**Student:** 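Below is one structure. I have some questions about it.
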Amino acid sequence: MMFDPSPRVVAFWLVAVVMALAPTSFFGVAAAVGPNKGRLLPTTTTRNNNKPTRPHLIFVMIDDWGFYEAGFRGNNLAKTPFMDHMLATEALLIERHYSYQFCSPARRSLLTGRLPPHVGQTNAPDAHIDLRMKTLAEKLGGAGYVTGHSGKWHCGFFSMQQTPFGRGFSTSLGFLYGVDHWTQQSFEKVCKYGHGGNSTDLWATDRPALGMNGTYGDYMYVGHAVETIMQHNASTPLFYYLATEVAHVPNETPKRFNDKFDPATVPFVPAYAMGAIIDEALYNVTAALRAKGMWNNTLMVVASDNGGSLSASMSSNYPLRGGKYSWLEGGIRTTAWVTGGVLPPSMRGRNLSSAHPIAVCDWHTTFLALAGADDDAAGDASSVGNGRGTARDVAERALLPVPAMDGVDQWPVISGASTAPLRDEVFVGSGVLIQGNYKLITAHSNEARWSGPLFPKVPAPGPRTLACSKQAPCLFDVVNDVRETHDVASTRPELVAKMQLRLATLMKGVFEAPAVPNATQPKVCTKSVENGMWITPYDWPGHL
C-alpha cells in the first residue's frame, strides 16, 4: 500500500501506538545499564553457521554521527539508554567499520555492493548511482521482499529513475539532497531563485509530499518506518532502509531533547540532543518490530555514513583522529552494530574485534546472502529498476562496464561460525588503502585534529590538515595506534612500497557514474519552479 502523505505526523513517531502493543521490559531497564565495555571474540571457535531463512532486513544509517556520542562508548554525558542496553545485551558492536569521509559515496556503496571508488566519490547534487547498477532494493524486491525507505537519499534525483522509487523502493518518504530539519527547505541551495526564495525538498514515493513540510524531519521519517512495519504482513520478508537526518547540520533539535542536557556541563547540547533523538528513534523502530512479531526473524544494522564533523556539527570522534572530510579514522571509521532476533545469542553483548574489518558495501552482499537473492553483477547492465521510471538511456549502456561487486558476505563472522577475517583490504578512496592493521594515505586530508572527550569545550589539538601525498605517503597502524599518533612510513619503507604498488593498480579502476543525458540541474530547477519551488525530477509527469 502506498503511504498517504496527506496527514501530518503530530504524534511522536506513533510511539503511543507502538508502546501500547510492544513488550515493556526491554526499555524500562535501559536507563540503569552502564556503558558497554564489551569483550573481544575468542581467537578460535567453530560453530554452525545457523544462517536464517529470508529474515526481515533493516538498515538504519545515521548521518554524521560522532564516534564518541553514545553511552556505550564510555561517554557519561550522553543520554542513549536504549542503545546502551542493546549493546550490552542484544547487539554486536563492530570495532572496525569503514565507510567514506562524507555522505553520498557511503550510501551508494551500501546500495550497490561496491566500494566508494567503484560507485562514485562526489557529493554534489548530480551524484547518483549508475543506472546500469542494480540496487539492493531492486535485488531484494526481485526476490520477493517488500521494500521501503525514509529519510535522506542523496543518491540521485535529477530524473525519476534516480529517485528511491525509481531504484526499487516501493514506498519512500524523505528528502532527495539536503534540507533544514524543520522546514524541509533546501539549505544546500540546489535551486536558489532570483527573488531570494529557496526550494522545498520532500518527496513521497512518486510525488511531492505536499502538506507534510514544516514538521521536524526525523519525526516524519521514523514515523514512516514505524507505520510501514505496523501495516506490514509479517509473513512476507521486509527490507527497510531508514536514513535519519540527524546528526547532520543545521544543528536543530526539538526543545524536549535539548532540555535533557545542562549547557554548563555538556560541551555542545545539539550534538548530544541528536544522540538522544537517535536513541528514541531506534527504540520506536525495534518496538514496532516486536509488536508485529517480526523481531525474532529480523537482522538490523545501525551505522553512521561517516565520522562526525569537527567544524560544523561540533562532534566528538574520540579517541579517533579527524572527522568528516578526513581520511583519518575519525572520518571513515564509523560506529556500527548488528542486532535482531536472528543474531545468535552467543554473539550478543560482544564487540567484534579489530581483526575483522567490515566495509559498508559488505552489508549489501550479506543481506542478499541471507535473503537468498542474486548478487551477480553481470545482471546489472540489463537492470530496468522497478519499471516505473523512465527507460535507461541507451548511450549510458554503451559506456565502459561497471566495476565488479566488492561486497563480502560477513554473516559467517557475525554469526560466530568463522573467526578468520573475511576481508583482507579496504580500498577506502582515491589514494587511501587499508591492508590488515595498516592504512596508507597518499592524498591530502582536510581534518587532522584529535577531538577529546569534551570537544568543542576543550579545543581539539593537532594540525587542521595532513599533507600526505604519493611522494610523501603516510602510514598508520590503525589497530595498535588507533589515535594515529605515529606515522610509521619512514620505518616501514618495504610495506609502503608494497601498498603503493597495490594502490596504483586499484586506482586504474576508479569509477564515477556518467551524467545522464537530459537529467541536468538546470532542468530540475526549471521543473521545480513550475511546481512552486518544490524540488522535482525533470521528467516527473505531474503538475502542482
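Residue numbers start at 1 and run along the sequence shown. Worth saying up front: this structure is predicted, and the values here are computed from it rather than measured.
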**Student:** Please evaluate residues Glu425 and Arg423 with respect to the criterion salt bridge (charged side-chain N to carboxylate O under 4.0 Å, His left out), reporting the C-alpha separation (whole Å), side-chain torsions for both, the decisive distance (0.1 Å), and the verdict.
**Tutor:** CA-CA 6 Å; Glu425 71 176 23; Arg423 174 174 284 285; over 6 Å; no
**Student:** Taking the ring of His149 and the ring of Tyr241, is the distance between their centroids below 6.0 Å?
**Tutor:** yes
**Student:** Any side-chain heavy-atom pair from Gln121 and Val510 closer than 4.5 angstrom?
**Tutor:** yes
**Student:** Under 4.0 Å between a Lys/Arg side-chain N and an Asp/Glu carboxylate O for Glu280 and Arg256?
**Tutor:** yes
**Student:** If you apply the rule side-chain hydrogen bond (donor to acceptor under 3.5 Å, both in side chains), what do you find for His97 with Trp363, and how did you get there?
**Tutor:** CA-CA 11 Å; His97 182 267; Trp363 299 116; 2.9 Å; yes
**Student:** Is any side-chain heavy atom of Ile441 less than 4.5 Å from a side-chain heavy atom of Leu328?
**Tutor:** yes
**Student:** Quick one: closest heavy-atom pair of Met61 and Val360, and the distance?
**Tutor:** CE-CG2, 4.2 Å
**Student:** Would you say the side chains of Ser326 and Ser445 form a donor-acceptor pair under 3.5 Å?
**Tutor:** yes
**Student:** Is Trp450 reaching over with its side chain to a backbone N or O of Arg483, donor-acceptor style, under 3.5 angstrom?
**Tutor:** yes
**Student:** Looking just at side-chain N and O atoms, do Tyr145 and Arg54 make a donor-acceptor pair shorter than 3.5 Å?
**Tutor:** no
**Student:** Give a yes or no answer on whether the side chain of Asn317 reaches the backbone of Phe67 with a donor-acceptor pair at less than 3.5 Å.
**Tutor:** yes
**Student:** With a 4.5 Å cut-off on side-chain heavy atoms, are Leu495 and Leu440 touching?
**Tutor:** no
**Student:** Do Glu329 and Tyr98 have side-chain atoms, one donor and one acceptor, less than 3.5 Å apart?
**Tutor:** yes
**Student:** Would a 4.5 Å heavy-atom cut-off, applied to side chains only, mark Leu310 and Phe455 as touching?
**Tutor:** yes
**Student:** Could you check whether any side-chain N or O of Asp362 sits under 3.5 Å from a backbone N or O of Ala359, counting only pairs where one atom can act as donor and the other as acceptor?
**Tutor:** yes
**Student:** Check this for me, if you would: do Lys152 and Asp63 make a salt bridge, where the nitrogen-to-carboxylate-oxygen distance has to be below 4.0 angstrom?
**Tutor:** yes
**Student:** Answer yes if the ring centres of Tyr100 and Trp327 are under 6.0 angstrom apart, and no otherwise.
**Tutor:** yes
**Student:** State whether a side-chain donor-acceptor pair under 3.5 Å links Thr244 with Asp218.
**Tutor:** no
**Student:** I want to check something: taking the side chain as every heavy atom from C-beta on, are Arg107 and Ile129 in contact at a cut-off of under 4.5 Å?
**Tutor:** no
**Student:** Please tell me whether Tyr272 and Phe257 form a close aromatic pair, meaning their ring centres lie under 6.0 Å apart.
**Tutor:** no
**Student:** With rounding to the nearest 0.5 angstrom, report the CH2 to CG distance, Trp337 to Leu282.
**Tutor:** 5.0 Å
**Student:** Closer than 3.5 angstrom, by distance alone: can the side chain of Asp64 be matched with the main-chain N or O of Val246 as a donor-acceptor pair?
**Tutor:** no
**Student:** Using atom types as modelled and distance alone, determine if a side-chain donor or acceptor of His364 lies under 3.5 Å from a backbone N or O of Gly113.
**Tutor:** yes
**Student:** Just by distance, with hydrogens left out, do Ser150 and Tyr240 show a side-chain donor and acceptor under 3.5 Å apart?
**Tutor:** yes
